[in-house]
Amino acid sequence: MAILITPTTKLLIQGITGEFGARHTRLSLDYGTQVVAGVTPGKGGQHFEHQGHRVPIFNSVHEAARATGATVSAIFVPPPFAADAILEAVDADLDLAVAITEGIPIRDMIRVKRAMQGRRTRLVGPNCPGLVTPGTGPGSKGGCRIGIAPGYIHRPGHVGVVSRSGTLTYEAVFQLTSKGIGQSTCVGIGGDPVNGTSHLDVIKLFDADPETHGIIMIGEIGGSAEVEAARWVQAHCKKPVAGFIAGATAPAGRRMGHAGAVIGGHEDTAAAKIAIFRECGIEVAATPSDLADALLRSAAARGVKLS
Amino acid sequence: MNIHEYQAKALFEKFGVPVPKGAAARSREEFATALAQLPEGATMVKSQIHAGGRGKGTFTNGFKGGVKFCKDKAAALAMAGNMLGETLVTAQTGPAGRRVQTVYFTVASDIKKEYYLAILLDRASSRPVIVASTEGGVEIEKVAHETPEKITKVRVDPAYGLADFQVRDLIAALGLTGAEAKNAAKLIRNLYTCFWETDAAMVEVNPLITTPTGDVLALDAKVSFDDNALFRHPELVALRDLNEEDPKEIEASKYSLSYIALDGNIACLVNGAGLAMSTMDIIKHFGGTPANFLDVGGGASKDQVIAAFKIILGDPNVKGILVNIFGGIMDCNVIAQGIVEAVREVGLKLPLVVRLEGNNVEAGKATLAASGLTLVSGDTMADAAQKIVRLVA
């Protein structure tokens, strides 16, 4: 078991013919992910070919989903058109839309989030690396890779990872795999100030997933999403949780690469969030190099086996 | 992207947000022409820099106050000469201060009472929030901390827009009635339209004032825009003032590098924003000080790595460099080749620690080892950070 996606999840790619989307579609196909359709308006009827795979391309998400049974979309559409692409996935009632695109205007995301209220589709991202549920083949092949994460660093297992940062997720996953500890699902929720799925949403799913035995939560300066998640962990989560917050040395008021990584006041600094993590019983990693060990400490203290 | 007060006020006027009459001057020759546009009488002279605390700031020539009241236009003309071309240091500029390249003259308004009004993104609800307070002309963070009951927040539903009842709530919270209430309601509506239609990240009016004649005016204006939305506002991009930005940051943006200068002495070059932030943090953790934030992005090319090295070395405080790359998809060997070429091209003399991990890392490490360069290899982030901290100590 895993959360949100499994190796049998049928995936469609919005923006499959763009350079970025095409490159990562090939990598997902190589990983063994069930990429069943592509969507590029105006290119319906063509095919995306790669190493014997022949993925049909459709003009709309509706058509693609109806013809192939795809339930999840990965969105690689450029920023000016990305909000529209998300709404199209929502309108087609997909289970999950994963927006990889970086640089979507905040106003567009404010409107998208409002339009998604009451709809069945869950959004992950934008400005995120996507999700991976590792498979059982060599290099974790045979899994479901949605987005841009390196598939080969994973290994199937029982640790759930949720993070606002791509490379920090890879850092955590790489350490876990190096120590022989596998992952159930890794979710990159993205670095934008207005996003779909939150830390808390993912942690609730990990908590309910019997195959997930421990959780790593990686956050940043800016906003209060990590605090909200930490309070819930303290009140409800029985599983060991390790955490890290990036940006302890960031100057206030400056955007640190991610649009959402900006200190707005006293409460969204790294120090403030780390203090709340500690208060809530989350084992804090002193540095990213300590992420896997922090989870091991937390698991040992609770007598939980991670592998 | 930030703009100056005089630009923000011109924008306000376009959206029907009343401001005191004003005119800007970029040279001494322009002082008279600017002042000629204003009526005779009391005049404010305001230094235009992208930083707050101007009124309490001090110029490096010893002159105190970046915002001054003058009893008439002749005094304003003389006063402007103390500011233009001088460097103003405020609580927000850092010790280096900012050179004042534009002076803004405005009619000095009669103030009955000062208020606070701002619109920004409320991240928790993913909606615009209007913040209003009866305590104007002071730091809003201070008000929020000491008297939070004096701050009212209204979150706007983006599907419906700002509703009448919400405007009434704000007016009531500010305690306005009669003509003042009517004028303030119009101002709030127009300010919201300005915020929404320009893709602003924040509009702040501090203070908003009432006058003895019942007018409501934005006495100050601070506006910043969402960088992601600038592609659809070429007229706003034209307002960008490169003089207000660090030349190294401007150079970095040309190569799609995300760079922010800090005041430490260990430079870092990293892929990914989260990893770049935590590389700064880990330098500090082991007793060093980071000189910058630098994210080369997910697909760093050789040219980008070379440009990044040149930008880093443009900072005279830098005493050592830490490269931290987790190459998930990107080939570590390509990065290694870029590093070798960059180091040769810039003739690097400073200590360099490189931590490479990920795709094709063995070939990358071999390339570094065979290069004959005097660089130190780090196994993990922690190992690499400790090594560079030792080397610059």
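Just so it is clear: chains get the letters A, B, ... in the order the sequence lines come, proteins before strands, and each one is counted from 1.
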Quick check on [X] against chain A: is it the side chain, the backbone, both or neither that has a heavy atom closer than 4.5 Å?
| X | answer |
| --- | --- |
| B/Phe231 | side chain |
| B/Ile325 | neither |
| B/Ala159 | both |
| B/Glu357 | side chain |
| B/Asn359 | both |
| B/Asp199 | both |

Is the [atom1] atom of [X] crowded by more than 12 outside heavy atoms at less than 6.0 Å?
| X | atom1 | value |
| --- | --- | --- |
| A/Arg297 | CZ | yes |
| B/Lys365 | NZ | yes |
| B/Lys284 | NZ | no |
| A/Tyr152 | OH | yes |
| B/Asp383 | CG | yes |
| B/Phe15 | CZ | yes |
| B/Glu245 | CD | yes |

So which residue, [options], ends up with the most heavy-atom pairs under 4.5 Å with chain B?
| options | value |
| --- | --- |
| A/Gly151, A/Gly222, A/Ala149 | A/Gly222 |
| A/Ala252, A/Ala225, A/Gly219, A/Gly260 | A/Gly260 |
| A/Ala248, A/Ser198, A/Ala115, A/Ser165 | A/Ala248 |
| A/Pro193, A/Ser163, A/Pro79 | A/Pro193 |

Answer yes when [X] and [Y] have at least one side-chain N-carboxylate O distance shorter than 4.0 Å, and no when they do not.
| X | Y | value |
| --- | --- | --- |
| B/Asp157 | A/Arg114 | yes |
| A/Arg107 | B/Glu197 | no |
| A/Glu226 | B/Arg123 | no |

Checklist outcome for this item: Of all heavy-atom pairs linking A/Ala246 and B/Gly274, the shortest is CB-O, 3.9 Å
Checklist entry - Which heavy atom in B/Ala229 sits nearest to a heavy atom in A/Pro105, and how many Å separate them? => result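 Heavy-atom minimum between the residues: CB-CB, 3.8 Å.
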Next on the checklist: Counting heavy-atom pairs under 4.5 Å with chain A, which one of B/Arg232, B/Glu141, B/Gln92 comes out on top?
Outcome noted: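 Of B/Arg232, B/Glu141, B/Gln92, B/Arg232 has the most heavy-atom pairs under 4.5 Å with chain A.
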Checklist entry - So do A/Thr287 and B/Ser278 actually touch side chain to side chain, heavy atoms under 4.5 Å? => result no
Next on the checklist: Is any side-chain heavy atom of B/Pro128 closer than 4.5 Å to one of A/Ile110?
Outcome noted: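 Touching, per the 4.5 Å side-chain cut-off.
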Checklist entry - With distance as the sole test, does B/Asp281 use its side chain to make a donor-acceptor pair with the main-chain N or O of A/Gly247 at under 3.5 Å? => result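 Side chain of B/Asp281 to backbone of A/Gly247, a donor-acceptor pair under 3.5 Å: yes, one is there.
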Checklist entry - So, A/Ser289 side chain and B/Ala382 main chain: donor-acceptor pair closer than 3.5 Å or not? => result yes
Hey, what do you get for [atom1] ([X]) to [atom2] ([Y]), rounding to the nearest 0.5 Å?
| X | Y | atom1 | atom2 | value |
| --- | --- | --- | --- | --- |
| A/Thr249 | B/Met277 | OG1 | CE | 9.0 Å |
| B/Ser126 | A/Met116 | OG | CE | 11.5 Å |
| A/His258 | B/Asp295 | NE2 | CG | 7.5 Å |
| B/Met381 | A/Leu291 | CE | CG | 9.0 Å |

Checklist entry - When the ring planes of A/Tyr170 and B/Phe326 are compared, do they come out parallel, tilted or perpendicular, using 30° and 60° as the limits? => result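 The arrangement is tilted - the two ring planes meet at 30° to 60°.
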Segment of [X] engaging chain B (4.5 angstrom heavy-atom cut-off):
| X | result |
| --- | --- |
| A/His266 | neither |
| A/Glu171 | both |
| A/Pro129 | neither |
| A/Glu102 | neither |
| A/Ile218 | neither |

Next on the checklist: Assess the residue pair B/Asn228 and A/Ile104 against the criterion (side-chain contact (heavy atoms from CB on, under 4.5 Å)); give the C-alpha distance rounded to whole Å, side-chain angles, the decisive distance to 0.1 Å, and a yes or no.
Outcome noted: CA-CA 6 Å; B/Asn228 289 352; A/Ile104 304 178; 5.5 Å; no
Item to check | Among B/Asn324, B/Thr279, B/Val270, B/Leu275, side-chain contact (heavy atoms from CB on, under 4.5 Å) partner for A/Thr167 | outcome: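 Answer to the side-chain contact (heavy atoms from CB on, under 4.5 Å) test with A/Thr167 among B/Asn324, B/Thr279, B/Val270, B/Leu275: B/Leu275.
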Next on the checklist: Would A/Met256 and B/Met280 count as a side-chain contact (heavy atoms from CB on, under 4.5 Å) here? Give the steps.
Outcome noted: CA-CA 11 Å; A/Met256 307 304 284; B/Met280 290 162 34; 3.7 Å; yes
